[in-house]
Amino acid sequence: MLEVGLKYTSSVVVEKSNCASAVGSGGLDVFATPSMVALMENAAMNAVASHLPEGSTTVGSQINVVHSKPSGIGAVIAATAELVAVEGRRLQFKVVAEDGTGVIGDGTHVRYIVDIERFLSKL
């Protein structure tokens, strides 16, 4: 059963491979915005995964975030997603990413519950 308040935190260490220079979103060796977004989505997915019906998963459909502060190689980034609304199959999350010095990004994320077989049949 999905209930508002479910939370999960995903973390990663900043390495060359998740920096802007490596993922193509910039030229500096700092944690990339696409890497932050992926970490936030991962936290949201995991916040509800064990509460879904058999044969279901969630897919991301919308994310609106601000990446407000850079993080360098070696920093530990923790992204937390909290389920704030359930409207049928539509799930809305508050997402926040932090490094050891504080918040580096925040925003909202929407995911939908889908039947895996039915979803993949649309490919």
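In terms of hydrophobic clustering, with Ile, Leu, Val, Met, Phe, Trp and Tyr side chains grouped at heavy-atom distances under 4.5 Å, Val48 and Val86 are assigned to a common cluster. One hydrophobic cluster, built from ILVMFWY side chains closer than 4.5 Å, holds both Ile77 and Ile63.
Nearest heavy-atom pair, Ser56 versus Ile113, reported as atom, atom and distance to 0.1 Å: CB-CG2, 4.2 Å. In plain terms, the two heavy atoms of Met36 and Val66 that are nearest each other are CE-O, 4.0 Å. Across all non-hydrogen atoms, the minimal contact from Pro34 to Ser25 is CD-OG, 3.5 Å. Shown here for Gln92 and Arg90, the closest heavy-atom pair between the two residues is OE1-NH1, 3.5 Å.
Applying the side-chain contact (heavy atoms from CB on, under 4.5 Å) rule to Asn18 yields the partners Val12, Val14, Glu15, Phe31, Ser35; only residues at least two apart in sequence or on another chain are considered.
For the atom pair CG (Leu6) and CZ (Phe93), the distance works out to 8.0 Å, reported to the nearest 0.5 Å. If you take OG on Ser10 and CG on Asn46, they are separated by 5.0 Å, rounding to the nearest 0.5 Å. Between the OG atom of Ser21 and the CG atom of Asp29 there is a distance of 3.5 Å, given to the nearest 0.5 Å.
Heavy-atom contacts from other residues, nucleotides or ligands closer than 6.0 Å to NZ of Lys69 number more than 12. Residue Glu87 qualifies as enclosed at atom CD: its count of foreign heavy atoms under 6.0 Å is above 12.
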Evaluate side-chain contact (heavy atoms from CB on, under 4.5 Å) for Val95 paired with Thr108, printing each intermediate quantity in order.
CA-CA 6 Å; Val95 289; Thr108 60; 5.8 Å; no
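One N or O on the side chain of His109 and one on the backbone of Gln62 form a donor-acceptor pair closer than 3.5 Å. In this structure a side-chain-to-backbone donor-acceptor pair under 3.5 Å is missing from Arg111 to Leu91. Using modelled atom types, one side-chain atom of Ser68 and one backbone atom of Ile104 make a donor-acceptor pair closer than 3.5 Å.
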